[in-house]
Every structure is written in structure tokens, then in C-alpha cells.
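Remarks on the structure that follows.
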There are 2 protein chains.
Amino acid sequence: MFEAPYLLFLGEAPDALAAKMAQGIQDWRPEAVAGQFRMEGCKADLGIKDLTIKEAAAAGVKTVVVCVVNRGGIISESWKSILVEALEAGMDVASGLHNLLRDEPDLVAAAERSGQKLHDVRVPSVKYPIANGKKRTGKRCLAVGTDCSVGKMYTALAIDREMKKQGMKSDFRPTGQTGILIEGNGVPLDAVIADFMAGAIEWLTPDNDADHWDVIEGQGSLFHASYSGVTMALVHGGQPDALILCHEPTREHMRGLPDYQQPSLEDLRDVALRLAQVVNPACKVAGISINTQHMDEAKALAYLKEVEDRMGVPTVDPYRQGAGRLVAALAEI
Amino acid sequence: MFEAPYLLFLGEAPDALAAKMAQGIQDWRPEAVAGQFRMEGCKADLGIKDLTIKEAAAAGVKTVVVCVVNRGGIISESWKSILVEALEAGMDVASGLHNLLRDEPDLVAAAERSGQKLHDVRVPSVKYPIANGKKRTGKRCLAVGTDCSVGKMYTALAIDREMKKQGMKSDFRPTGQTGILIEGNGVPLDAVIADFMAGAIEWLTPDNDADHWDVIEGQGSLFHASYSGVTMALVHGGQPDALILCHEPTREHMRGLPDYQQPSLEDLRDVALRLAQVVNPACKVAGISINTQHMDEAKALAYLKEVEDRMGVPTVDPYRQGAGRLVAALAEI
């Protein structure tokens, strides 16, 4: 979709949180990052080289990635003049913003003039097919969660990185904007037209070598009243051989839904596995990934052991412990 | 969305099947239909009054409804001149076609000139919210199927008609283009952006009187690899108090998916009920609707009895037997 190396554009990010997407790219794909661009007043710092637009172009940067929360949902004039300079210097621009680059006439004109591209990763750029459900070659793993934002992307990235480290064949398959910015391609599933959701995931994870793994980023939750349809399309379009159950144990209610409690891991296992087996009768739960960031080390380790004893599959927090045991379980499938 | 009375535009329909949508409108909402418009060579006939555009306008027709399969997916010049005449005579035009009225400059210009509206029912005209999952007042019934095209719309329409006949408060809530053309409003769910699917169904079935029923048209199937995400959004957005299971027992494989078998009614009950109870713990399966059109009467009745004995809920073919027993079961909820 768009090419590395990247210049990460942080704008006037008021704090590190506003540059979380940029941090994600730097954490997971540092080899793709040539440097950062910070405007006056920017309070975020990824601890990497600051490059001007000219320096970035000279260093061979292919894409300026706008990966910062912007103020009031507006692409400001000061941003635009920098992005126009980048386009004119021969670089593409990619953005994870809600408001689209393509809706800015100045940017569109500069892109046309310079022959460069604007990539809005939140909106699909592909005409996806309707899913056909045909069995595909290669292996697929899908992260499913008891809730939204429990660590499904982190888990998938950690598994993919560990697989590559071990010399296994794998690809991380992003389905949301941060993942797409990290990987440079993917499907912005929440923006796909209903009829084409499952087909988009089939398109994203095509036939592959028998020993190749697609590690698919999950979205939403089968138990989340707002987004469960998106998750369902991932389960059926992804045709997973293995599920990794993801959970954040300290949450008091479903994200954004104060009247809803999280399901148990048993509930998630039973429902997700039943549905996945519609398209892949051999699908298994390979392991469990727990986000223990709100627990201290002792409490986290005790909780992980309790879940593993209860559920009978490897249970880790990949942030604390790495994804080695999850990958070992996947390698057995 | 658009207003009755309607003039049903049959174009040059080569046979009755090409005018199936029109037949649906005439069958289910005859009081909304003022007449039909047939071009030279039209082989379909709804057995109702033929009206010219002038006669329709004089008779107070508000909307010309294009409800016929068109040749080669093209809105021909001869169609356009008739539709322009209708717009200029003060009528709106609604269409269930894949190719959109709004993509035809001649029609857009005529609509602007005359101050009339073009309604493309296959594409959303509303900015739907994200679902919030909040408990709504009033009762809701959802038709769910073992497969696509097993009679979910027919079942919902038959239940709504029977409820009204018995003096119960009810509304048919369409989620596909034929239902929308029949009712004059609804949500074209398969064309909604993924993130807003469940919210669209919440929008379609808002708070209502405690004894009012929304009878929601189902789409797809939780077991259909291409469309299950759409069905899931209906289950969670619809917040059903009651499910009606729909099934066509003579089908050899899932519609459009030769490698997939239909699930059993038990499978459908268990999975659909488990998922519906996420948003409405009191949800029940109220009855079963079987499409027995490919069975003779004796075989059909024997099959219905066998299913009812096995599943323990009223089981009927509403086409043969009416929806009375389903409505009686719903009235108990």
C-alpha cells in the first residue's frame, strides 16, 4: 500500500499519548523508520533522529506518515504547508487521521502536481470481493477478545515477531489503522461496507505456503454490542486454524458500554470456537494472552497461572513474558 | 423515506420473475399501490390498473417505484425519459436497482428542476450512530435463518400482518431493498459501513410502547461465511426479545457456498440464542418458520410436526398455514 522508509510526522503533539500511533510504528517496525518530524511546541519525542523535509528526501524517505492525534479534527494550514513540501520533494503522505487527506484540495493538487500519492488508511482503497468461504492453503491465527482494546494487536504483532525470529514464515495482517500504519498495508475493516467485510479478510489472507502463518489482528469482540458484526466477519473471513483469546482482567465493564460486563474466557472460548468451526472444523484455541498492565508482577503471575490451570492452554502476558509459549503452541498446529 | 401511493414501474420485464419485487409490494402493501406502468414488450402483469404517467399524477401518486430487474445493469434511455416525465409531473422516484438513480445526470437534473426526490433504497441515506447497547422499551422479534433466502422476510411480513389483524401494535422493520420498497423505509443493512451496522438497527427499532412489537427482517445467517457479520449486527443491534428460526429443509448446500452444509435447527437455536442473550438475557426462541415450497402438502405437514415435536416450539409454514401460531407464541412473551 505505501512504502518505507518513513518519516514519522508528530505535528505539535501535546504529549506522548497523542503520538501513540507513532510510538507503535517505532516499536514494531524501527527498521522502516528514518526519523521524526516535530513542529514547534511538539511535546512528544520518539528518541530518534529529527529530520527536515529536505533531509528526509535526501535520506531516501518514501512516505511521510501522519501518525498523531490532531487538534479539533482539523488538518491545519501549518500542517498542510509541510505536507505540500513533502509531496513536492517526491514523498508520498499516509495518514491515520479521521479527516482525510483527500478532502484537502491543497494536498490533492500538490499530489497531482508532483505525481505522489495520498494514503488515507482509515478508508478502503480496494474493491473487496464477497467472501466465498473456500478453504485456503497456509495457516491462519486470529486474536479474539473478551472486549475491545484488550491487546489483540499487540498480541498479533508479538506472535509475528517471535515467529520471524524463530525462522518461521509469517505475516502480520493488520485490520485497523495503527496496524496498517505499522505494516504499510492491511484492511481498515471498520470502514468496509457490510457485505464485503468477510471478503476483505479473505483478500487479506490469501492462499500461501503450507507452513506460512497469517497472524491476523482482531477487532472488537463477539460480545461487544457495537462491533460484534465486525468481529464475526474476521472469524469467518479469517478461516482461522488457531485462536488466541485476549483478555484484560481489571476492566469493570465493556469498553464504552457501562451496562455490559465482560464475558468469561470460557464464554469467549465456547462461542468463538463454535463460530470459527463453521469455516474451519479443525480450529483450536492455541493459547491465551492476558493484558496485565494494571496488575503488579506477583499478582499478574498468579493470575496467569490460575487461568492456565483452569483453561488448559498456554497463558501469557506477551508484554511481560514474550510470545514464545504462544508460538510454540501454534507450531504444534 | 418515501411516500405512497405508488406507481409500480415494471419496464420491459421479460417475465414475472423479473418483476418479483413489484409482486412483493403488491402482495404485502396493496393499499399503497395505485397502479402499474408497463413499457412495450413487458411480459409481467400484476393484474392491477395500468396508468400512464399523466394518469398516475392525476390520481395523486407520490412515488414511482422502479422494482424490476433491468437488462445489463443499465438504466436505459427509454426508462430515463419516462422517469424524467414522472419527476416533472411532481412525483418522486424510488429504486431498488444496483445502479443508482443518483448516478444518472439526466435524472438528477430533472429532480432538481422539479424539486422532486430520487430514492436509491440500496444505499443508506442516513448517518447512523454507533450502537450503544442500551436497553430499549417495547418488544422486538427477529427472524434468523439457517441460511440466506430461506423466508425470513416473508415470515416477518406475515407476523406483522397477523399482529395488525389481531389489533396488536406492530411495525415491520425492513433491512433489505425489497422490504424497504414494500414499507417505504428501512435500513439497507448490507450497504452500511461496518462500524455502524448495529447502530443502524438500534436506530431502526427505537424506544416504543411496552406492548409494541418491532418485527425485524433478518439478513444472511450466522452460519453463512459471506454474510454472518451482517446477521450478527442484527442480533446485537436488534436486542430481540424473541427469535423466529427460519429454515428451508430441501437445500443441498448453503446458498452460494457449495462446500458448506446448512446447520441444524438445534445449532441455529443454540448459537443465535447465546449471542442474542448478550444484549437481552431474556431472549427466547418463540417459534420456527419452515419454507416448505419444495415439498408436497403431506410431506410438509409431516415435516412440520416432526420439527415441532423435536424442538418444542410452534413450527409452521406461514405461507401454507398463516402466522397465527407464531403470533400467539409471541403474545405470551
Side-chain angles (χ1 to χ4, degrees), chain A residues 122-124 129-135 175-176 187-202 219-239 253-254 256-263 267 270-271 274-281, chain B residues 122-124 129-135 175-176 187-202 219-239 253-254 256-263 267 270-271 274-281:
Chain A
R122 281 188 192 256
V123 292
I130 286 182
N132 62 31
K134 286 196 183 134
K135 180 72 186 157
T175 60
V187 167
L189 188 57
D190 60 10
V192 172
I193 300 279
D195 248 5
F196 304 95
M197 295 185 298
I201 302 305
E202 290 188 349
Q219 293 295 331
S221 165
L222 293 168
F223 292 83
H224 196 291
S226 313
Y227 306 117
S228 55
V230 179
T231 315
M232 180 67 126
L234 274 158
V235 171
H236 282 170
Q239 211 174 81
H253 58 73
M254 293 292 278
L257 305 176
D259 303 335
Y260 288 80
Q261 298 305 306
Q262 281 180 287
D267 283 342
D270 294 346
V271 168
R274 177 72 192 81
L275 292 168
Q277 287 173 345
V278 168
V279 291
N280 189 344
Chain B
R122 281 188 192 257
V123 292
I130 286 183
N132 62 31
K134 286 197 183 135
K135 179 73 186 155
T175 60
V187 167
L189 189 58
D190 60 10
V192 172
I193 300 279
D195 248 4
F196 304 97
M197 295 185 299
I201 302 305
E202 291 189 349
Q219 293 294 331
S221 166
L222 293 168
F223 292 83
H224 196 291
S226 313
Y227 307 117
S228 55
V230 179
T231 315
M232 180 66 126
L234 274 159
V235 170
H236 282 170
Q239 212 173 78
H253 58 73
M254 292 291 278
L257 304 177
D259 303 335
Y260 288 81
Q261 298 305 305
Q262 282 182 285
D267 283 342
D270 294 346
V271 168
R274 177 71 191 84
L275 292 168
Q277 286 172 347
V278 168
V279 291
N280 189 345

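Reminder, nothing fancy here: chain letters follow the sequence lines and each chain counts from 1.
- The two residues B:Ala194 and A:Asp190 come nearest to each other via the heavy atoms CB-O, 3.6 Å.
- Heavy atoms closer than 4.5 Å to chain B are found in the side chain of A:Leu275, but not in its backbone.
- The two residues B:Val230 and A:Met197 come nearest to each other via the heavy atoms N-CE, 4.1 Å.
- Pairing each heavy atom of B:Ala198 with each of A:Ser226, the nearest pair is CB-O, 3.9 Å.
- Applying the side-chain contact (heavy atoms from CB on, under 4.5 Å) criterion to A:Gln277, with sequence neighbours excluded, gives A:Leu273, A:Cys283.
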Could you go step by step and tell me if B:Met232 and A:Thr231 meet the side-chain contact (heavy atoms from CB on, under 4.5 Å) rule? CA-CA 9 Å; B:Met232 180 66 126; A:Thr231 315; over 6 Å; no
Apply side-chain contact (heavy atoms from CB on, under 4.5 Å) to B:Ile193 and A:Ile193, showing your working. CA-CA 4 Å; B:Ile193 300 279; A:Ile193 300 279; 4.0 Å; yes
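- Note on B:Ala233, B:Gly237, B:Gly133: by heavy-atom pairs under 4.5 Å with chain A, the leading option is B:Gly133.
- Across every non-hydrogen atom of A:Ala225 and B:Ala131, the tightest pair is O-CB, 3.9 Å.
- Only the backbone of A:Val192 comes within less than 4.5 Å of a heavy atom of chain B; no side-chain atom from C-beta onward does.
- The side-chain contact (heavy atoms from CB on, under 4.5 Å) check on A:Val278 picks up A:His236, A:Arg274, B:Phe223, with sequence neighbours excluded.
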